[in-house]
J.: 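Take a look at the following structure, please.
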2 protein chains.
Amino acid sequence: MKFSKKSEYALRALLELTAQYGRALLQRHEIAKRQHIPIEFLEQILLALKNAGLLASRRGVSGGYSLIKPPDEITLGQVIRILDGPLAPIGCVSKTAYQKCSDCPYVKKGSCPIQDVMGGVRNAIAEILDNYTLRDFAGQATRQ
Amino acid sequence: MKFSKKSEYALRALLELTAQYGRALLQRHEIAKRQHIPIEFLEQILLALKNAGLLASRRGVSGGYSLIKPPDEITLGQVIRILDGPLAPIGCVSKTAYQKCSDCPYVKKGSCPIQDVMGGVRNAIAEILDNYTLRDFAGQATRQ
DNA sequence: TCTATTCTAAACTGAATTACTCAACTATTA
DNA sequence: TAATAGTTGAGTAATTCAGTTTAGAATAGA
């Protein structure tokens with residue numbers, strides 16, 4: 001039940017990009033340095049965030065990355081789903097990527113005890129992460 | 001953020017053992033058949049549950065497994081921690097297996113935005129799973 | 001236009017984990 | 001003592017994780 005390093009690094013990178021929002025572009029080596037993230041690995045992550053429509057980038061001498069949307073319109077749930085896939089602890093309770101169980105004996109019965117509990121767990125997780133934006137998140141970081 | 005098959009099979013096996021609680025021993029092949037679990041894999045799981053003190057077993061002709069504690073004293077949280085380790089989404093917010101972050105720039109600052117959110121997520125998960133017992137769980141299954 | 005800089009894209013790698021499987025045991029009972 | 005049933009440990013194929021490498025394409029400035 002762990003989030004991957006990718007998700008963690010993505011959130012840390014977005015912390016930097018949020019602090020920089022509305023100002024100059026931020027380069028990957030700067031993000032890597034400030035957050036202690038291996039730069040080649042960070043590249044992959046920034047690319048994924050870009051392809052998912054969260055970041056814009058420019059190449060060349062004064063290139064870099066920037067947030068494409070206001071920080072209060074991006075939730076941690078969105079970010080984590082990009083890097084780690086669905087939040088649900090088992091496939092059959094995912095709302096964004098539902099998968100039918102193949103071998104569960106309760107499938108036919110209409111109600112499955114595991115599904116009931118895990119549905120609750122999924123909702124509890126999503127409730128937090130889908131309502132927590134990058135602005136809330138970066139606010140925590142800069143408050144002090 | 002998924003639970004393993006081990007955890008899922010463990011919960012399904014415990015559903016059978018809970019229904020059988022206070023009655024005769026239940027054999028692994030019977031559990032395997034009813035829940036469609038590969039028997040050799042199930043063995044491993046039952047053994048882990050036994051070593052963790054949840055099950056008793058007897059060998060020989062009329063052997064089998066049984067719950068060693070009343071179903072309302074075993075929570076899903078306990079079971080999942082046995083098979084999958086801590087519930088926390090990152091090591092630095094685990095209460096049962098805390099691990100200090102090595103490279104996080106917020107370590108020194110006394111407050112980390114990731115830790116704050118993920119702590120909330122951990123608590124939300126634990127709140128559900130540590131308060132849901134096998135009795136609640138099996139009640140769901142037999143109610144209909 | 002040349003060149004240094006920066007992002008892009010994909011393949012690659014070593015280590016760990018997952019989900020099983022197998023084989024050889026030991027204990028129990030009829 | 002034979003059959004049954006749990007115990008233990010090792011093995012394995014497939015996948016995932018975390019990170020590296022390499023080659024390329026866009027951009028700005030000289």
Side-chain angles (χ1 to χ4, degrees), chain A residues 1-13 17 24-33 35-68 80 82-86 89-91 101-104, chain B residues 1-13 17 24-33 35-52 54-68 80 82-86 89-91 101-103:
Chain A
M1 269 301 275
K2 282 227 172 110
F3 291 124
S4 68
K5 277 292 184 190
K6 266 191 182 173
S7 275
E8 192 198 317
Y9 290 158
L11 293 177
R12 301 232 304 258
L17 285 159
L25 297 179
L26 199 55
Q27 297 181 344
R28 55 189 188 146
H29 71 224
E30 187 59 30
I31 299 174
K33 197 178 71 182
Q35 291 285 340
H36 310 137
I37 303 172
I39 191 163
E40 301 89 350
F41 196 34
L42 177 62
E43 261 171 36
Q44 257 184 57
I45 294 164
L46 292 172
L47 231 4
L49 293 174
K50 188 199 164 181
N51 292 334
L54 265 57
L55 302 183
S57 64
R58 216 176 54 215
R59 306 190 199 195
V61 173
S62 51
Y65 295 89
S66 62
L67 275 186
I68 218 171
I80 290 173
I82 292 166
L83 284 315
D84 270 4
I90 54 174
C101 318
S102 53
D103 57 358
C104 172
Chain B
M1 269 300 276
K2 282 229 171 104
F3 290 123
S4 68
K5 277 292 185 190
K6 265 191 182 174
S7 275
E8 192 199 318
Y9 290 158
L11 293 177
R12 301 232 304 258
L17 286 160
L25 297 179
L26 199 55
Q27 296 182 344
R28 48 182 196 155
H29 69 84
E30 187 59 32
I31 299 174
K33 198 178 71 184
Q35 291 286 340
H36 309 137
I37 303 172
I39 190 163
E40 301 89 351
F41 195 34
L42 177 63
E43 259 171 38
Q44 258 184 57
I45 294 165
L46 292 173
L47 232 3
L49 294 174
K50 188 196 163 180
N51 293 334
L54 266 56
L55 302 184
S57 64
R58 218 177 54 213
R59 306 193 198 192
V61 174
S62 51
Y65 295 88
S66 63
L67 275 185
I68 216 170
I80 291 173
I82 292 166
L83 283 316
D84 269 4
I90 54 174
C101 318
S102 54
D103 57 358

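Numbers restart at 1 for each chain; the letters A, B, ... are given by sequence-line order, proteins then strands. Quick caveat, the model's predicted, so the values are computed rather than measured.
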J.: Would you indicate which nucleotide in D:dG19, C:dT8, D:dT7 comes nearest to any side-chain atom of A:F41?
T.: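 Of the candidates, D:dG19 comes closest.
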J.: Just compare C:dT5, C:dC7, D:dA18 and give me whichever is closest to any side-chain atom of A:S4.
T.: D:dA18
J.: Please pick, from D:dT20, C:dA27, C:dT29, the nucleotide with the shortest atom-to-atom distance to any side-chain atom of B:R58.
T.: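 For the B:R58 side chain, the nearest candidate turns out to be C:dT29.
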J.: Please give, in whole Å, the distance from C:dT6 P to A:E30 CD?
T.: 11 Å
J.: Of all the choices, D:dT21, D:dG19, D:dT7, which nucleotide is nearest to the side chain of B:K50 once you look at every atom?
T.: D:dT7
J.: Just checking B:Y9: base, sugar-phosphate only, or nothing, at a heavy-atom cut-off of under 4.0 Å?
T.: sugar-phosphate
J.: Calculate the interatomic distance between A:Q27 atom CD and C:dT8 atom P; express it in whole Å.
T.: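 Rounding to the nearest Å, CD of A:Q27 and P of C:dT8 are 12 Å apart.
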J.: Side-chain contact test, heavy atoms from C-beta onward, threshold under 4.5 Å: evaluate it for B:I82 versus B:N51 and give yes or no.
T.: no
J.: Search all heavy atoms of B:D103 against all heavy atoms of A:R12 and return the closest pair with its distance.
T.: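 The pair with the smallest heavy-atom distance is O-NH2, 3.4 Å.
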J.: Choose from D:dT27, C:dA9, D:dT7 the nucleotide whose nearest atom is closest to any side-chain atom of B:Y65.
T.: D:dT7
J.: Given atom NZ of B:K5 and atom P of D:dA14, what is their separation to the nearest angstrom?
T.: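 Checked: the NZ to P distance equals 18 Å.
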J.: When rounded to the nearest 0.5 angstrom, what distance separates CG in A:L17 from OG in A:S66?
T.: 7.5 Å
J.: Just how far, in rounded Å, is P of D:dT7 from CG of B:L49?
T.: 12 Å
J.: As a test of reading the structure: which of C:dC22, C:dA19, D:dT21 is closest to the side chain of A:E40, going by heavy atoms?
T.: D:dT21
J.: Ignoring hydrogens and angles, tell me if any N or O in the side chain of B:D84 forms a donor-acceptor pair with the backbone of B:S4 under 3.5 Å.
T.: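 Confirmed, B:D84 side chain pairs with B:S4 backbone.
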J.: Mind calculating the distance between CG (B:L83) and P (C:dT18) to the nearest angstrom?
T.: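 B:L83 atom CG is separated from C:dT18 atom P by 11 Å.
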J.: By the 4.0 Å heavy-atom rule, please label A:Q44 as base, sugar-phosphate, or nothing.
T.: base
J.: Starting from C1' on C:dA27, measure out to CG on B:L25 and report it in whole angstrom.
T.: 14 Å
J.: Please compare B:G60 and A:V61 by the position of their nearest nucleotide in DNA chain D and report the one closer to 5'.
T.: B:G60
J.: Where the side chain of A:R59 is concerned, which of C:dT21, D:dT4, C:dT6 is the nearest nucleotide?
T.: C:dT6
J.: Check the distance between D:dA5's C1' and B:L46's CG and give it to me in whole angstrom.
T.: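 So the two atoms are 12 Å apart, to the nearest Å.
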J.: Nearest whole Å is fine: how far is C:dT6 P from A:L55 CG?
T.: 18 Å
J.: If only side-chain N and O atoms of A:S57 are considered, is one of them under 4.0 Å from the OP1 or OP2 phosphate oxygen of C:dT8?
T.: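 Result: yes.
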J.: Do B:K2 and A:M1 have side chains that approach each other closer than 4.5 Å (heavy atoms only, starting at C-beta)?
T.: no
J.: Go nucleotide by nucleotide along DNA chain D from the 5' end; which of B:H29 and A:I39 gets its closest nucleotide reached first?
T.: B:H29
